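Below is one structure; the comments refer to it alone.
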Amino acid sequence: MTGGAARTPTWLRHRLPEVLLVLFGIALRVSMLRSFPPQEGYDFEYHWEYVAWFARHGTLPPLELRQAFHPPLFYVLAGWLVRWGSGPEGVQLVSVVCGGLRTVLVWVGLELYVPRSRLARIVALGLAAVVPASVHIDGMVSGESLFSVLVLVALLLAPQVFRAAGPRRHAFAALFGLVLGLAVLTKASGLTVLGAVALAALAQLVAGGGGWRGRAWRLAPWCVAFVAFAMTSGLYFVRNQVHYGKPVLTSFDGWEAFYMVAYRDMPIVFRRPLEFAVGWSPEIYETPFYPSAALSRPRFFPILVASTFADYYNYGFAPRRPGQPSVAAAGKAMPAGVVTLARASVAGGTAVALVTLLAWFATVVASFRARAYDCVLLLLVPVAAVLGQLSFAIVYPYDLLGVVKGAYLQFASPPLAALFGIGTAWLAGQGRLRLLAVLPLTALGTVAAYTIYCRAL
């Protein structure tokens with residue numbers, strides 16, 4: 001046995017809490033196979049329609065299919081599985097495996113990029129393991145889970161472009177471009193990651209010295225990354241431009257286009273009130289389910305929090321059992337015992353979001369001062385993702401279609417989990433104030449309690 005192989009069991013023994021949290025996160029996702037029929041997932045029938053089309057025809061479907069606006073990678077893979085005899089449960093297994101792999105990779109990322117505080121890593125890993133929206137998408141027949149794991153691999157690679165030297169920088173850049181290209185071929189939301197990378201690279205380009213030669217040297221690997229990205233995904237966007245007159249499609253370019261008749265001539269700035277972007281709604285704490293904070297008085301961030309830390313749209317995260325007391329939530333039956341825990345989870349999730357936001361501001365300032373552009377990049381990714389979803393919800397103001405979902409932002413959540421861990425660890429290290437760390441840990445406990453209860457039903 002080599003020295004490295006001999007040291008591995010010892011290293012793992014010293015990481016027992018982390019190992020247990022990873023296994024726990026994987027177990028929660030595996031539980032989706034037991035008690036979450038894939039037909040319960042968001043728009044299952046329309047996703048399956050896309051899968052079945054590719055399985056039958058081997059081509060991309062026309063936009064008349066409701067989900068045909070999505071890039072094809074997930075549906076191609078799922079279609080091949082169907083050709084080999086799989087059904088929805090087999091495709092669901094792909095999402096579960098991707099979710100388990102993402103849990104492991106979050107741990108890898110924390111070891112790489114949060115090296116100074118083990119407490120921060122443990123708390124962050126605990127949050128990543130139990131966020132309801134994350135566990136939920138990992139049991140669905142959709143591209144969300146595959147997309148999230150591909151983005152996470154890209155985020156593990158991107159900081160190395162700043163850190164590495166010589167040819168290794170270009171190798172990391174090429175790998176990053178390749179993986180992000182695959183991610184964008186799964187969901188177009190990955191373009192927000194490209195935007196975050198461009199901003200971080202621009203910040204380094206402007207702030208760094210060395211004249212034009214130094215700037216060219218810093219820019220060169222990102223040019224390599226962009227070429228790899230374009231070679232991987234560019235043909236798909238060119239196809240869209242040729243066939244539909246625009247490179248990036250949404251559901252409102254196809255089956256749902258009729259919804260936009262009322263807004264087509266309305267300037268975008270008038271489609272939502274200002275309160276939609278900056279307002280809050282206490283409704284989510286009493287009834288953390290649709291249509292709270294939606295419809296007549298829509299509020300973006302309350303819906304985002306509620307749909308991240310509870311099953312806001314009631315799509316079967318808590319299984320319904322025969323004879324079980326139930327209540328109506330989002331127009332469907334839900335186990336009555338879930339409601340109190342959902343309220344607590346959303347309240348706790350609000351506290352988690354607040355700690356994360358404060359940690360983001362402190363960390364981004366410190367990163368810019370230290371010119372730590374690898375950290376700046378990771379910090380910009382969730383901002384770009386949130387702004388992307390906010391702009392989408394403003395341009396297409398149809399809350400009844402679920403245009404705001406915490407599930408849509410899980411691809412950008414690993415840096416947020418790390419920030420929550422950093423914020424909690426900072427509180428724990430503040431001498432007399434360290435007891436305040438109990439507050440975010442309690443909030444995390446309420447989120448975990450809700451997820452565990454739902455998955456144990």
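None of these values were measured; they are calculated from a predicted model.
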Look only at the side chain of [X] and the backbone of [Y], and say whether a donor-acceptor pair between them is shorter than 3.5 Å.
X: N240; Y: P247; answer: yes
X: S117; Y: A120; answer: yes
X: T451; Y: A448; answer: no
X: S345; Y: Y450; answer: no
X: T446; Y: A443; answer: yes
X: D138; Y: S145; answer: no
X: S233; Y: A230; answer: no
X: Q241; Y: G245; answer: yes
X: Y244; Y: G254; answer: no
X: R29; Y: G139; answer: no

[atom1]-[atom2] distance between [X] and [Y], expressed to the nearest 0.5 angstrom:
X: R455; Y: I452; atom1: CZ; atom2: CD1; result: 12.0 Å
X: T186; Y: H70; atom1: OG1; atom2: NE2; result: 11.0 Å
X: T363; Y: I422; atom1: OG1; atom2: CD1; result: 5.0 Å
X: L65; Y: Y50; atom1: CG; atom2: OH; result: 9.0 Å
X: L295; Y: Y398; atom1: CG; atom2: OH; result: 12.5 Å
X: S251; Y: Y46; atom1: OG; atom2: OH; result: 11.5 Å

Shortest non-hydrogen separation from [X] to [Y] and the atoms involved:
X: G406; Y: T308; result: CA-OG1, 3.2 Å
X: L409; Y: Q389; result: CG-NE2, 3.2 Å
X: L304; Y: S307; result: O-OG, 3.3 Å
X: L185; Y: Y236; result: CD2-CB, 3.6 Å

Decide whether a cation-pi geometry holds between R272 and F276; the criteria are a distance under 6.0 Å from NZ or CZ to the six-membered ring centre and an angle within 45° of the ring axis.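 That pair qualifies as a cation-pi contact.
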Note to self: Using a 6.0 Å distance limit plus a 45 degree cone around the ring axis, check whether K187 lies over the aromatic ring of F411.
What the structure shows: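 Judged by the rule, K187 and F411 form no cation-pi pair.
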- request: Let me see the working for Y263 and F270 under ring-ring contact (aromatic ring centres under 6.0 Å, His included), right down to the final yes or no.
  value: CA-CA 10 Å; Y263 290 95; F270 297 130; over 10 Å; no
Below 4.5 Å, heavy atoms only, C-beta onward: do [X] and [Y] meet side chain to side chain?
X: P335; Y: L457; answer: yes
X: T232; Y: V184; answer: no
X: S413; Y: V131; answer: no
X: V383; Y: L379; answer: no
X: V123; Y: L127; answer: no
X: Y285; Y: V305; answer: no
X: F317; Y: F36; answer: no
X: F54; Y: T59; answer: no

* Taking NZ, NE, NH1 and NH2 as the nitrogens, is one of them in D253 or K246 under 4.0 Å from a carboxylate oxygen of the other? ->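 Salt bridge: yes.
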Measure centre to centre between the rings of H136 and Y42, then say whether the value is under 6.0 Å.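 When the ring centroids of H136 and Y42 are compared, they turn out to be within the sub-6.0 Å range.
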Ring centres under 6.0 Å, that's the criterion: do F392 and Y396 meet it?
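Here the rings of Y396 and F392 have centres that are less than 6.0 Å from each other.
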Any salt bridge (Lys or Arg N to Asp or Glu O under 4.0 Å) involving residues 285-308? Give me the pairs, sequence neighbours left out, ordered by first then second residue.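 Sorted pair list: E286-R343.
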**Report entry** Atom CG of L235 with >12 non-hydrogen neighbours under 6.0 angstrom
**Finding:**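 Counting neighbours around CG of L235, 12 or fewer heavy atoms of other residues, nucleotides or ligands fall under 6.0 Å, so no.
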Assess the residue pair K405 and Q410 against the criterion (side chain to side chain contact (heavy atoms under 4.5 Å, CB included)); give the C-alpha distance rounded to whole Å, side-chain angles, the decisive distance to 0.1 Å, and a yes or no.
CA-CA 10 Å; K405 285 191 181 82; Q410 292 312 298; over 6 Å; no
Yes or no on salt bridge (Lys or Arg N to Asp or Glu O under 4.0 Å) for R66 and E45, after CA distance, side-chain angles and deciding distance? CA-CA 10 Å; R66 190 165 185 172; E45 63 271 31; over 6 Å; no
- Task: Check the angle between the aromatic planes of W48 and F44 and answer parallel, tilted or perpendicular using the 30° and 60° thresholds.
- Result: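 Ring orientation, 0 to 90° scale: parallel.
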Requested in this report: Could you check W222 against F162 for ring-ring contact (aromatic ring centres under 6.0 Å, His included), going step by step and ending with a plain yes or no?
Outcome: CA-CA 10 Å; W222 296 114; F162 290 105; 5.2 Å; yes
**Request:** Scan M32, R320, M140 and name whichever one has a side-chain contact (heavy atoms from CB on, under 4.5 Å) with E40.
**Result:**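 Per the side-chain contact (heavy atoms from CB on, under 4.5 Å) rule, the option paired with E40 is R320, out of M32, R320, M140.
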Verdict with reasoning, W53 to E49, per side-chain hydrogen bond (donor to acceptor under 3.5 Å, both in side chains): CA-CA 6 Å; W53 175 281; E49 185 180 40; over 6 Å; no
